[in-house]
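Input: a single structure, listed below in structure tokens.
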Amino acid sequence: MLDITPLRAPTANASQTGEANGTSETAFDFVGQVHGFDTAAPVNANTAHAIDDAMTRYGVLVFRGQSLTPQQQLDFASALGPLDIGFKRVAKPHNRLGYDTLADISNLDESGAVASREHRRIVGNIANQLWHSDSSFQRPSARYSMLYAVVVPPEGGETEFADMRAAFEALPALQQASLRELQAEHDALHSRIFLGDTEYDAAQRAAIPPTVWPLVRRHPGGRSSLFIGAHASRVLDMTLAEGRMLLLDLLEHATQPAFVYRHTWQPGDLVIWDNRCTLHRGRRFDLTQRRELRRATTLDA
Ligand code: OGA
Ligand code: MN
């Protein structure tokens, strides 16, 4: 029902390390580009099923040339599941877009001007540059995130996606088996505190208590997937040091160029990813340039 072509764009890193363009036939099969689809149109149950099926197969879907108002983006997202609020339960720097369920992924202040680097919300932009799975710090966590580009900077500011199913499957069987026994705690403030953003009061710290997830989760499509990223703060039944080192090692493995797709944004792009089986991160850009995206997210419920 959906017209999809797999995307095989290598990351810049992949070409630098000599993994030639397209040599790895399946490496980017977790990303599909959808053609001839208008995400502003109402989504019926059949279409929602078709998107679910495609997401189960791919993990990331790219729709180009879209034109979405905030309400249309939320309507599209709502057709795919209940909406997530995520970190806004801890901190609401401002609500420029006027919807609790639409995340303002921009470097703009409440007036719509480029925010100064010291502005409180810029730390959120930078936290998004750490590999993560949206809302993995809560239960239910996020299922699909839908990020829509309005204004993109002339350089940088790409978003990268890493395939956690392929990464898990590439591990030796013995390591896969031992990882299946482990669980990690995910904490909403872990990455913020790492970045030096520590000004949260007791109520904010209590707003989203840490939650525990298996390190390996089974995806509805039947494949297993690593579940890690910047919110994972410790591994249960391990010392802090040993657990954090394990998390860092797994992240390094799972974000090798062979597992990563880099999306270079054009205004009008809508990208959907499955947070259960991918990690993502934003890339650096000149913070004095305008970058304006909007994200709607569904709960894995
Ligand atoms: C997000 C996110 C990264 C980016 O919207 O969830 O992590 O490139 N964005 O802005
Ligand atoms: Mn994110």
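Order of listing sets the numbers, starting from 1, for every ligand and every atom in it.
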field: Distance-only N or O hit between ligand 1 and W265, under 3.5 Å
entry: no
query: Which ligand 1 atoms does H132 reach within 4.0 Å, using its non-hydrogen atoms?
result: 7 (O)
- request: Run the numbers for me: atoms of ligand 1, each under 4.0 Å from some heavy atom of G282, listed by number.
  value: 3 (C), 4 (C), 8 (O)
query: Which atoms from ligand 1 have a heavy atom of W273 less than 4.0 Å away?
result: 6 (O)
- prompt: So does R295 pair up with D104, basic N to acidic O under 4.0 Å?
  reply: no
message: I'd like to know if the side chain of T211 pairs up with that of R139 as donor and acceptor (distance under 3.5 Å, no hydrogens or angles considered).
response: yes
message: Only heavy atoms of D134, strictly under 4.0 Å: list the atoms of ligand 1 that pass.
response: 6 (O)
- request: Could you list which atoms of ligand 1 come closer than 4.0 Å to a heavy atom of H280?
  value: 1 (C), 2 (C), 6 (O), 7 (O)
message: side-chain contact (heavy atoms from CB on, under 4.5 Å) for L215 and L246? Distances and angles first, verdict last.
response: CA-CA 11 Å; L215 265 188; L246 174 63; 4.2 Å; yes
message: Tell me the contacting part of Q129 for ligand 1: side chain, backbone, both, or neither, using a 4.0 Å heavy-atom threshold, strictly below.
response: neither
query: Judged by non-hydrogen atoms, does R291 sit under 4.0 Å from ligand 1?
result: yes
field: Residue and atom, protein N/O/S, under 2.8 Å of the Mn ion (ligand 2)
entry: H132 NE2, D134 OD1, H280 NE2
task: Output yes when E160 and R281 qualify as a salt bridge under the 4.0 Å nitrogen-oxygen rule, no when they do not.
output: yes
task: Would you confirm whether Q289, through its side chain, and E155, through its main-chain N or O, come within 3.5 Å as a donor-acceptor pair?
output: no
- line: Counting heavy atoms under 4.0 Å, the part of M146 that contacts ligand 1 is neither
D134 versus H280, side-chain donor and acceptor atoms under 3.5 Å: yes
- prompt: Knowing that exactly one of Y148, F63, W265 qualifies, which makes a side chain to side chain contact (heavy atoms under 4.5 Å, CB included) with V271?
  reply: W265
field: Element-labelled atoms of ligand 1 that are located less than 4.0 Å from some non-hydrogen atom of T159
entry: 4 (C), 8 (O)
message: What I want to check is whether the side chains of R117 and T288 have a donor and an acceptor closer together than 3.5 Å.
response: no
message: Please confirm whether the ring centroid of H253 lies under 6.0 Å from the ring centroid of F259.
response: yes
statement: Looking only at protein heavy atoms, what sits closest to atom 1 (C) of ligand 1 is R295 NE, 3.2 Å
field: Partner of H186 by side chain to side chain donor-acceptor pair (under 3.5 Å), out of S136, S141, S233
entry: S136
field: Residue that, paired with L80, satisfies side chain to side chain contact (heavy atoms under 4.5 Å, CB included) out of M55, R143, M146
entry: M146
